[in-house]
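Reading through the structure tokens given below for one structure.
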Amino acid sequence: MKRYNPSEIEPKWQQIWEEQKANHVEIDPHKEKLYVSGMFPYPSGAGMHTGHAFSYSIVDAIARFHRQHGYNVMNPMGWDTFGLPAENYAIKTGTAPAKVTAENIANFKRQFKRMGVSIDWEREINTSSPEYYRWTQWIFTKLFERGLAYQKESLQWWCPVDKTVLANEQVEGGRCWRCGSIVEKKSMKQWFFKITDYADSLLEELDDLDWPAKIKTAQTNWIGKSEGAEIMFAVVAMPFSETASRQASNGAPAPVETWAADVSENGIATPANITVFSTRPDTIFGASFIVLAPEHPLARQLAVGDFKEATENYIAEAVKKSEIDRTNDTKEKTGVFTGSYAINPVSGEKVPVWVADYVLGGYGTGAVMGVPAHDERDFAFAEKYSLSIIKVIDGNSDEQVYHDEGVLINSGDYNGLPSSDAREKIVAWLEENNLGQGKTTYKMRDWLISRQRYWGAPIPIIHCDEHGAVAVPEDQLPVILPEIEDYAPKGDGKSALARAEDWVNTTCPTCGKPAKRETDTMDGYACSSWYLLRYADPRNAERAWDPETVNYWNPLDFYVGGDHAVAHLLYVRFWTHVFYDMGLVNFKEPIHKLVYHGYINAEDGTKMSKSKGNVVDPLDVIDQGYGADALRTYLLFMGPYELDASWNSRSIAGVYRFLNRVWVLSQQFLDYKGDDVTKNDDAVRRSQHKTVRKVTDDLRRLSFNTAIAALMEYVNDLYKYKVDGFSRETWRQAIEALVQMTEPFAPHMTAELWQELGHEDLIQHATWPTWDDALIVESTMKIAVQVNGKVRAEIEVSADAGEDEVKQTALTQENVAKFVADAEPKKVIYVTGRLVSIVV
RNA sequence: GCGCGAGUGGUGAAAUUGGUAGACACGCUAGCCUUAGGAGCUAGUGCCUUCGGGCGUGCUGGUUCAAGUCCAGUCUCGCGCACCA
């Protein structure tokens with residue numbers, strides 16, 4: 001008997017698949033397509049890790065399961081190669097990033113092939129190749145044409161270590177997502193994609209996606225839609241002496257009430273208006289002060305008299321502070337009074353204008369109305385600075401700050417109205433009087449895409465003195481990334497490309513006069529926002545993709561990964577929405593089902609990390625003799641794919657044992673020389689059909705762990721029956737079904753067995769086994785008997801026994817009679833095929 | 001603080017519609033076999049027990065003939081967002 005030897009079998013089949021291009025697919029109108037992909041890897045120098053192995057074990061189980069079901073399965077692969085690690089490595093070693101990248105790809109590819117994933121390598125793509133980024137640039141020019149790519153001077157997150165700006169999504173807790181250093185604000189002219197135009201569209205389509213709830217929630221929160229109103233407060237300039245005399249001893253202005261009376265006499269309305277944003281216009285009568293963010297353009301202007309210096313100092317300090325200091329909510333709130341006042345448009349009361357850093361410059365209008373009775377933050381601020389607190393919502397609650405809805409009080413004509421009605425009426429009144437309007441705002445900002453780094457797709461723009469920013473025409477694409485000597489950014493806010501003068505100096509496509517190229521490159525997320533479409537048509541040199549081809553393969557049926565909940569998964573949706581509007585695709589959403597898996601942790605339950613030395617290298621596991629088949633099967637057997645799991649070196653041995661049992665069973669069948677023994681045929685057949693039903697069902701819902709458990713049970717059954725010997729036809733079917741069902745997990749071993757079983761075609765092109773319910777039915781059934789909810793007996797009755805017969809049998813059981821005693825059962829319930837419940 | 005998810009044996013877990021809780025596997029125990037290996041095979045393995053049975057899915061209640069599953073409350077852990085007005 002041949003022994004199971006993965007280190008011999010696996011390379012053999014990997015070579016056969018490669019030579020035959022076994023997984024290459026083309027459009028086939030006669031077959032239903034199925035498109036599955038993992039999130040393409042960034043090929044780092046470190047090589048493949050357990051997370052990759054896990055992702056692609058899931059991808060391949062899905063691909064192979066559907067391939068055996070006759071689907072035209074596309075399972076492509078590519079490399080996300082632009083980005084900082086390759087560039088930083090290049091700076092350190094003086095090697096060109098392109099060269100480093102090519103080496104890393106070659107290494108990754110070699111490693112991936114050892115996993116036996118059924119990839120169509122003819123579709124391989126690489127985002128840093130000019131053939132690819134040519135079209136990334138083309139898409140940029142199309143967005144530019146539509147006004148969806150624009151340049152703006154603004155305060156941006158700046159990473160002082162990586163010396164580049166970052167998108168909001170790349171700042172995590174005030175730190176750079178790559179290097180962890182504390183980010184700073186810097187005012188620079190930057191390129192943006194106008195994702196905010198698509199906020200509503202992205203929100204709407206989210207509902208129908210077959211994505212995990214937590215990802216949908218994360219995206220909903222990120223978009224952060226809130227409905228409310230913008231309300232104008234007219235600024236009232238006060239004579240300096242007047243203001244000073246009203247100042248209370250603690251630096252705060254006198255209470256608002258004392259000012260209410262003299263608005264008309266002393267107040268001099270200026271042209272300035274402060275527009276605030278509020279989601280609770282129903283509480284406007286309780287607005288007793290205004291707070292401006294330090295970045296607010298009026299903040300300096302409104303600082304008057306004695307308050308001028310303090311205000312300016314405060315603003316200067318606040319703008320310098322890192323976001324960590326500013327957004328730490330355990331910190332006590334601070335602020336300064338500007339000396340100016342504004343008028344509450346509904347009550348006519350004069351309210352002081354403050355500047356405080358608890359108000360964010362970038363959200364809403366950068367100004368809020370302080371309603372301390374109904375907002376915790378405003379309350380804390382009002383308490384500290386002795387500002388007046390006016391309760392305007394009756395909440396029937398003793399809480400100091402009631403922030404829920406309720407009935408209005410102290411609100412003039414609106415008293416007695418519930419919040420929602422009052423909101424509508426107040427906004428309507430503001431609109432009528434040109435004092436405000438209903439407004440929807442979003443937390444999401446536009447996507448900042450320019451990077452002051454070398455290793456990215458150059459932004460295809462030429463700056464001309466006469467024509468401004470001009471898109472590079474399609475026939476001049478790609479704008480090739482020039483080879484240069486020194487890649488390092490110098491911290492002057494420009495990429496190293498700015499020093500490639502031959503490249504920078506060009507002519508304007510519109511007028512032909514000397515002009516300069518844009519020297520920023522695009523965020524790597526731009527490249528990954530359309531690769532799922534390029535896979536469908538990867539060698540097209542005429543256009544980014546042929547719409548018909550893409551409309552056949554896309555959208556993706558399954559997208560497998562465990563990262564990028566908002567960033568990539570939001571951007572890829574955004575671009576596809578735009579492509580839909582441009583008529584380039586006939587669907588809005590690029591990904592139907594998102595298979596978002598957990599992390600594989602180290603044996604001790606903590607994250608694998610090089611510094612801790614607890615990293616499990618998937619290639620080591622293969623080399624130890626377990627092979628890729630055992631590794632893959634184990635990764636899927638560990639538990640539900642959604643959950644985090646800890647590696648266990650003993651458990652993988654158990655899975656290897658299972659594969660070995662499949663192998664041994666098959667070999668013993670093949671080697672069997674005796675007569676046919678039909679004794680167990682019915683039982684074997686029943687077990688086979690039951691297992692096919694269960695495994696098929698489990699794999700349809702991606703319950704890999706239970707599918708593998710069912711296969712183990714099946715193998716255990718067959719081991720019991722084989723003791724008596726084999727009958728060739730029954731056992732051939734039983735074993736072929738077993739081998740086929742194991743193929744999605746252990747493709748090499750099953751390919752070998754399939755061949756030994758006499759098949760010339762590859763197992764992956766075989767037809768998945770079917771089951772016959774009639775063969776699964778047993779002649780008898782076991783019924784549990786409960787008395788008052790406790791199981792007291794188990795009876796075996798014939799499968800076609802009627803209700804009365806079952807109940808009668810149940811009641812006459814010795815142990816049942818004992819517990820029923822003399823009592824007359826109050827109720828006897830029969831749950832067909834399962835149990836009898838007797839109530840006494 | 002807000003939102004989402006999860007709490008089941010010594011361990012990873014299973015239970016798809018309320019219907020015999022713990023499938024499958026690891027580990028452990030005993031035995032068999034063996035040219036001795038990190039091999040293979042068989043049986044047992046939730047806890048307690050006076051061997052009748054009793055208890056058991058984080059905790060407290062509720063609905064039901066029947067609850068891991070449904071409802072109310074509560075605790076713990078994990079994740080996401082976090083001064084977004």
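Side chains included, hydrogens not; waters and symmetry mates left out as well; all remaining heavy atoms used. Protein chains get the first letters and strands the later ones, always in sequence-line order, with residue 1 at the start of each.
- Among the protein residues, A:Arg792 comes within range of the sugar-phosphate backbone only, with heavy atoms under 4.0 Å from sugar or phosphate atoms but none that close to a base.
- Checked by distance alone, A:Asn648 brings no side-chain donor or acceptor within 3.5 Å of a matching partner on the base of B:rU11.
- Considering only side-chain atoms of A:Val839, the nucleotide from B:rA13, B:rC65, B:rA85 that sits closest is B:rC65.
- Protein atom CG of A:Leu665 is 11 Å distant from nucleotide atom P of B:rC41, rounded to whole Å.
- If you check every strand for non-hydrogen atoms under 4.0 Å, A:Glu794 touches a base.
- The residue A:Tyr626 sits close to a base: some heavy atom pair falls under 4.0 Å.
- Across all strands shown, the partner of B:rC47 is B:rG54, judged by Watson-Crick or G-U wobble contacts whose two distances both fall under 3.5 Å.
- As rounded to the nearest Å, B:rA43 and B:rG62 have C1' atoms that lie 44 Å from one another.
- When each of B:rU20, B:rA25, B:rG3 is scored by its nearest atom to the side-chain atoms of A:Arg834, the top-ranked nucleotide is B:rU20.
- Nucleotides B:rG12 and B:rG61 are separated by 33 Å at their C1' atoms, to the nearest Å.
- The pairing partner recorded for B:rU42 is B:rA30, the criterion being a Watson-Crick or G-U wobble arrangement whose two distances lie under 3.5 angstrom.
- Here, B:rU11 and B:rG46 have their C1' atoms 13 Å apart, quoted to the whole Å.
- The partner of B:rC24 is B:rG12, judged by Watson-Crick or G-U wobble contacts that both fall below 3.5 Å.
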Test side-chain contact (heavy atoms from CB on, under 4.5 Å) applied to A:Glu713 and A:Lys694, step by step: CA-CA 11 Å; A:Glu713 237 175 310; A:Lys694 167 86 174 143; over 6 Å; no
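- Between A:Trp447 and A:Tyr571, the ring-plane angle classifies as parallel under the 30° and 60° cut-offs.
- B:rG19 atom P lies 18 Å from atom CE of A:Met781, rounded to whole Å.
- Interface remark: the A:Lys443 side chain does not form any donor-acceptor pair with the B:rC81 base, using a distance-only criterion of under 3.5 Å.
- Spacing of P atoms, B:rG58 relative to B:rA14, comes out at 14 Å, to the nearest Å.
- Checking A:Arg661 against A:Asn716 by side-chain atom types alone, a donor-acceptor pair falls below 3.5 Å.
- For A:Phe637, taking side-chain heavy atoms from C-beta onward, the closest of the listed nucleotides B:rA85, B:rU20, B:rG12 is B:rG12.
- In this structure, A:Ser226 reaches the B:rA85 phosphate: one of its side-chain N or O atoms is under 4.0 Å from OP1 or OP2.
- A gap of 40 Å separates the C1' atoms of B:rA6 and B:rA39, to the nearest Å.
- Across the protein-nucleic acid pair, A:Arg661 atom CZ and B:rU42 atom C1' stand 11 Å apart, rounded to whole Å.
- The side chain of A:Asn716 places an N or O atom within less than 4.0 Å of a non-bridging phosphate oxygen (OP1 or OP2) of B:rA25.
- Nucleotide B:rC65: paired with B:rG19 (Watson-Crick or G-U wobble, both distances less than 3.5 Å).
- OP1 or OP2 of B:rA14 sits under 4.0 Å from a side-chain N or O of A:Asn705.
- Closest to the A:Arg701 side chain, of the nucleotides B:rA13, B:rG19, B:rU16, is B:rU16.
- Note on ring orientation: taking the six-membered ring where Trp is involved, the planes of A:Phe745 and A:Phe704 are perpendicular (angle over 60°, cut-offs 30° and 60°).
- No donor-acceptor contact under 3.5 angstrom links the side chains of A:Glu603 and A:Ser646, judged on distance only.
- Of the side-chain N and O atoms in A:Lys827, one or more sit less than 4.0 angstrom from OP1 or OP2 of B:rC65.
- Between the side chain of A:Lys790 and the base of B:rU20, no donor-acceptor pair under 3.5 Å is found.
- Within the nucleic acid shown, A:Val368 comes within 4.0 Å of at least one base atom, counting heavy atoms only.
- Side-chain proximity of A:Leu643 to the nucleotides B:rA13, B:rA85, B:rA23 is greatest for B:rA13.
- Between the P atom of B:rC81 and the CE atom of A:Met444 lies a distance of 16 Å, rounded to the nearest Å.
- Per the geometry, CG belonging to A:Leu360 stands 10 Å off P belonging to B:rA85, to the nearest Å.
- Contacts of A:Pro212 with the nucleic acid, taken as non-hydrogen atoms under 4.0 Å apart, are absent.
- Within the 4.0 angstrom heavy-atom criterion, base atoms lie near A:Asp698.
- Within the nucleic acid shown, A:Ser837 comes within 4.0 Å of at least one base atom, counting heavy atoms only.
- Between A:Met369 and A:Asn660, the residue whose closest nucleotide on RNA chain B is further toward the 5' end is A:Asn660.
- B:rC24 and B:rC41 have their P atoms separated by 15 Å, given to the nearest Å.
- Nearer to the 5' terminus of RNA chain B, by closest-nucleotide assignment, is the contact made by A:Val655 (compared with the other of A:Tyr363 and A:Val655).
- Taking atom C1' on both B:rU34 and B:rU42, the two are 15 Å apart, rounded to the nearest angstrom.
- We find that CZ of A:Phe704 is positioned 16 Å from C1' of B:rU16, with the value rounded to whole Å.
- When rounded to the nearest whole Å, the span between CG of A:Asn221 and P of B:rG3 equals 10 Å.
- Taking the ring axis of A:Tyr358 as reference, the NZ or CZ atom of A:Lys333 stays within 45° of it and closer than 6.0 Å to the ring centre.
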Steps toward side-chain contact (heavy atoms from CB on, under 4.5 Å) verdict (A:Ile393, A:Thr283): CA-CA 7 Å; A:Ile393 304 285; A:Thr283 65; 4.0 Å; yes
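- No cation-pi contact links A:Lys384 to A:Phe381, judged by a cut-off of 6.0 Å to the six-membered ring centre and 45° from its axis.
- Here, B:rG3 and B:rG18 have their P atoms 27 Å apart, quoted to the whole Å.
- The glycosidic torsion of B:rG52 lies within 90° of 0, placing the base in the syn range.
- Remark: A:Arg657 is in phosphate contact with B:rC26, judged by side-chain N or O atoms under 4.0 Å from OP1 or OP2.
- Contact between the side-chain N/O atoms of A:Tyr358 and the OP1/OP2 oxygens of B:rA85 is not found at any separation under 4.0 Å.
- Residue A:Gly224 is classed as having no contact, given no heavy-atom separation below 4.0 Å to the nucleic acid.
- The base-pairing partner of B:rG78, taking Watson-Crick or G-U wobble contacts with both distances under 3.5 Å, is B:rC4.
- If you check every strand for non-hydrogen atoms under 4.0 Å, A:Phe658 touches nothing.
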A:Tyr599 vs A:Leu643, side-chain contact (heavy atoms from CB on, under 4.5 Å): CA-CA, chis, key distance, verdict: CA-CA 7 Å; A:Tyr599 284 105; A:Leu643 266 46; over 6 Å; no
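- When each of B:rA13, B:rU20, B:rC83 is scored by its nearest atom to the side-chain atoms of A:Lys333, the top-ranked nucleotide is B:rC83.
- Considering only side-chain atoms of A:Ala218, the nucleotide from B:rC26, B:rC24, B:rG80 that sits closest is B:rG80.
- One interatomic measurement links the two molecules: OH of A:Tyr599 to P of B:rG12, which rounds to 21 Å at whole-angstrom precision.
- Among the nucleotides B:rG19, B:rG27, B:rA14, the one closest to the side chain of A:Leu835 is B:rG19.
- Base orientation at B:rG31 is anti, since its O4'-C1' glycosidic dihedral falls outside 90° of 0.
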